[in-house]
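Below, chain A is the first sequence line, B the second, and so on; all start at residue 1. Here the structure is a predicted model, which is why all the values come from computation and not from measurement. Note: hydrogens, waters and symmetry copies are ignored here, and every other heavy atom, side chains too, is used.
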Amino acid sequence: MMKSRFAPSPTGYLHIGGARTAFFAWIWAKKQHGKFVLRIENTDLERSTQASVDAILQGIDWLGLNYDEGPLYQTDRFNRYKQIIQHLLDEKKAYYCECSKKRLKILREKLTKQGKKAKYDGCCRDKNLHNGVVRFNNPKEGVVVFNDVVKGKISINNQELDDLIIARNDNTPTYNLTVVVDDHDMKINIIIRGDDHINNTPKQINLYQALGWHLPEFAHLPMILGNDGIRLSKRHGAMSVMAYRDAGFLPEALLNYLSRLGWSYGNQEIFSINEIVKLFELKNINKASASFNQDKLLWFNKETIKSSSVKNLLSNLTWHLQNQGITIKDTPNIEIVVRYLQNRCKTLVNMACELKMFYQDFDTFDEKLAKKFFKDKIPLKHLLVELEMLNTWKADNIKEVVKQVCFELNIGFGRVGEPFRLALSGDGNAGGIDIVAELVGKNKALLRLKMAIDF
RNA sequence: GUCGCCUUCGUCUAUCGGUUAGGACACAAGGUUUUCAUCCUUGUAAGAGGAGUUCGAUUCUCCUAGGCGAUGCCA
């Protein structure tokens, strides 16, 4: 059984980079018919918060990345870590260290000054102490080599590695220890994570070996950089995935875009989630980091909206309608309106805005446009008279009436159509007037025409 | 500083030694259209630099430069 995991630390919301990592791990599990585990890495009691846990869960949920196990919390497993740490101590594969932070700081500075790798000097290694932090007794010689699924062969000399701390002064375990224990205990056999973890991997491999455990596979994903070329992180320019919902993006569009940051399948750009799962290969992931580009994401969103089912749009639209305080009525039929709007809206925020005119009345017109289009009221007056007499309120018939007015006044379509559009919409932001007028309905259309004439 | 990873149009990418280096976003020009938007057509634009291997290198090797990451009692 293949098993992957996403293991965020709850020190902030779920951002774009984390979302892509989660997505790729999720895809791989789906593709292999394996399991996807969500684990919250909250051993740093000072920085972890429940609010962050909630935010991450909300983000994962909105993206639709369902997990088969979890959320598992590391804080629930402290006894297990303690047991492993004791085991390592007993085996002399770990030792207590009482060096002060001050001494360590001075040591680091000294080594850096000498142009050497800043690492612990092993001062307490053979002192047989019983207090302080616990350090892993990392092998002093040899090379750690592993075959990364996306990066290929990576090797790091053990001399570069530190006797890393695996338990803090207060006995709480640290990241490198807990990851290894958890991934082993949870039977994770492929670790998909950001390549900022490459440097941790040899340390973890040494821990696996010290514990006599089988190694999982490693797949390190390239980072996502911001427009400025600097890595996207909580501290730098990374938007919460929920901010993308708020901005009117569809989760499938975000995911499609994220998949294309690093992964490719020939020249294809647009994929359904199922297609990605079917076609995805870790081997086809680029090794280099990618820059996040808002414009392209917007294009994906536009395309996704266009090809989305009305049902899906509607369910994603609900939040936006509430957010903008729009109440849908029975007429016009919301499905028809959405079907009409889906070809012209790039975001759901945009769609909700354009949807307003069909369900909500207004009492004024866009000043600038009114000045331009309501200057001459004659076309509107003619329109009103003709439309009042129109019995069959259908787009085709309405169009005929507009044409008729143009003919009567001997003016172009635009001279009638533009004022009409502004009269109907209030802000001039609408598509073809015939279909819009039909959807708005005869009563309201005539009312708005009168309002425009009096404006 | 040290170590690791990376390097094709502005951006995302294709290319599994031989291509007029392809596609997408953005941008520009033109067209359709009743504003906006959509849509269609066309165009501008790339292998970091230097050695080597080879009949031939974007592709393989090395060096340099640049970028990113790590160097935490963060993850």
Side-chain angles (χ1 to χ4, degrees), chain A residues 7-11 41-44 46-48 74 97 99-101 104-105 108 111-119 132-135 148 151-152 154-157 159-162 164-176 178-179 193-202 220 222-223 225 227 229-231 257 260-270 284 286-300 302 306 341 343-346 350 354 369 372-373 399 402 406 412-422 425 427-434:
Chain A
S9 67
T11 54
E41 309 222 319
N42 56 349
T43 58
D44 186 341
E46 281 181 26
R47 298 204 308 150
S48 302
Q74 292 191 319
C97 166
C99 291
S100 67
K101 288 187 184 179
L104 262 19
K105 194 182 166 216
R108 266 197 292 271
L111 288 169
T112 305
K113 223 175 194 172
Q114 289 174 359
K116 289 181 186 162
K117 183 88 182 175
K119 60 173 201 172
V133 301
V134 179
R135 285 183 183 274
D148 193 275
K151 302 270 183 179
I154 294 175
S155 60
I156 294 183
N157 204 308
Q159 284 171 7
E160 299 297 329
L161 267 27
D162 216 351
L164 71 160
I165 290 170
I166 55 176
R168 301 182 182 90
N169 228 334
D170 62 1
N171 286 325
T172 57
T174 62
Y175 168 70
N176 281 299
T178 59
V179 182
R193 68 203 337 180
D195 70 9
D196 49 337
H197 284 287
I198 284 183
N199 295 281
N200 290 138
T201 307
H220 286 100
M223 297 279 93
L225 312 178
N227 266 333
I230 296 173
R231 171 195 168 195
Y257 174 65
R260 291 286 296 102
L261 247 32
W263 173 75
S264 63
Y265 183 75
N267 278 337
Q268 190 172 343
E269 296 282 350
I270 303 217
N284 290 343
N286 232 14
K287 292 179 184 182
S289 47
S291 298
F292 189 82
N293 185 275
Q294 188 86 10
D295 284 333
K296 188 146 186 184
L297 171 59
L298 203 57
W299 176 78
F300 271 107
K302 186 190 80 186
K306 269 206 304 198
L341 289 175
N343 284 318
R344 45 180 289 114
C345 295
K346 286 185 179 175
N350 187 215
E354 294 216 9
L369 292 172
K372 190 172 164 194
F373 295 130
K399 194 168 192 170
V402 177
C406 292
F413 203 110
R415 293 278 302 280
V416 183
E418 287 170 5
F420 191 18
R421 176 178 296 103
L422 179 58
S425 63
D427 59 8
N429 207 351
I433 41 145
D434 46 356

In terms of the nearest nucleotide of RNA chain B, which residue is placed more toward the 5' end: A:Lys113 or A:Asp44? A:Lys113
Which residue lies toward the 5' end of RNA chain B, A:Ile156 or A:Trp299, if each is placed at its nearest nucleotide? A:Ile156
In whole Å, I'd like the distance from the [atom1] atom of [X] to the [atom2] atom of [N].
X	N	atom1	atom2	value
A:Leu261	B:C25	CG	P	16 Å
A:Asn429	B:U38	CG	P	12 Å
A:Lys302	B:C36	NZ	P	16 Å
A:Arg344	B:U33	CZ	C1'	12 Å
A:Trp263	B:G23	CH2	P	20 Å
A:Lys101	B:C73	NZ	C1'	5 Å
A:Asn200	B:G4	CG	P	16 Å
A:Gln114	B:U2	CD	C1'	12 Å

Using only side-chain N and O atoms of [X], determine if any of them is under 4.0 Å from OP1 or OP2 of [N].
X	N	value
A:Asn286	B:U13	yes
A:Thr11	B:A75	no
A:Ser264	B:A14	yes
A:Arg108	B:G1	no

Paired with B:G4: which nucleotide, if any, by Watson-Crick or G-U wobble criteria at under 3.5 Å for both distances? B:C68
Identify the nucleotide, in any strand shown, that forms a Watson-Crick or G-U wobble pair with B:A14, with both distances under 3.5 Å; if there is none, say none. none
When we call it a touch if two heavy atoms are under 4.0 Å apart, what does [X] touch: a base, just sugar-phosphate, or nothing?
X	answer
A:Cys406	nothing
A:Gly262	sugar-phosphate
A:Thr43	sugar-phosphate
A:Lys116	base
A:Gly428	base
A:Lys105	nothing
A:His197	base
A:Lys346	sugar-phosphate
A:Asn169	base
A:Lys306	sugar-phosphate
A:Ile433	base

Backbone N or O of A:Gln74 within a donor-acceptor pair of the A:Asn42 side chain at under 3.5 Å? yes
Answer with yes or no whether [X] presents, from its side chain, a donor or acceptor under 3.5 Å of a partner atom in the base of [N].
X	N	result
A:Arg421	B:U34	yes
A:Asn343	B:A37	no
A:Glu160	B:G4	no
A:Asp195	B:G69	no

Nearest of B:U34, B:G23, B:A75 to any side-chain atom of A:Tyr175? B:A75
CA sep, side-chain torsions, deciding dist, call: A:Asn199, A:Glu160, side chain to side chain contact (heavy atoms under 4.5 Å, CB included): CA-CA 10 Å; A:Asn199 295 281; A:Glu160 299 297 329; over 6 Å; no
In terms of relative ring orientation, are A:Tyr175 and A:His197 parallel, tilted or perpendicular, with 30° and 60° separating the classes? tilted
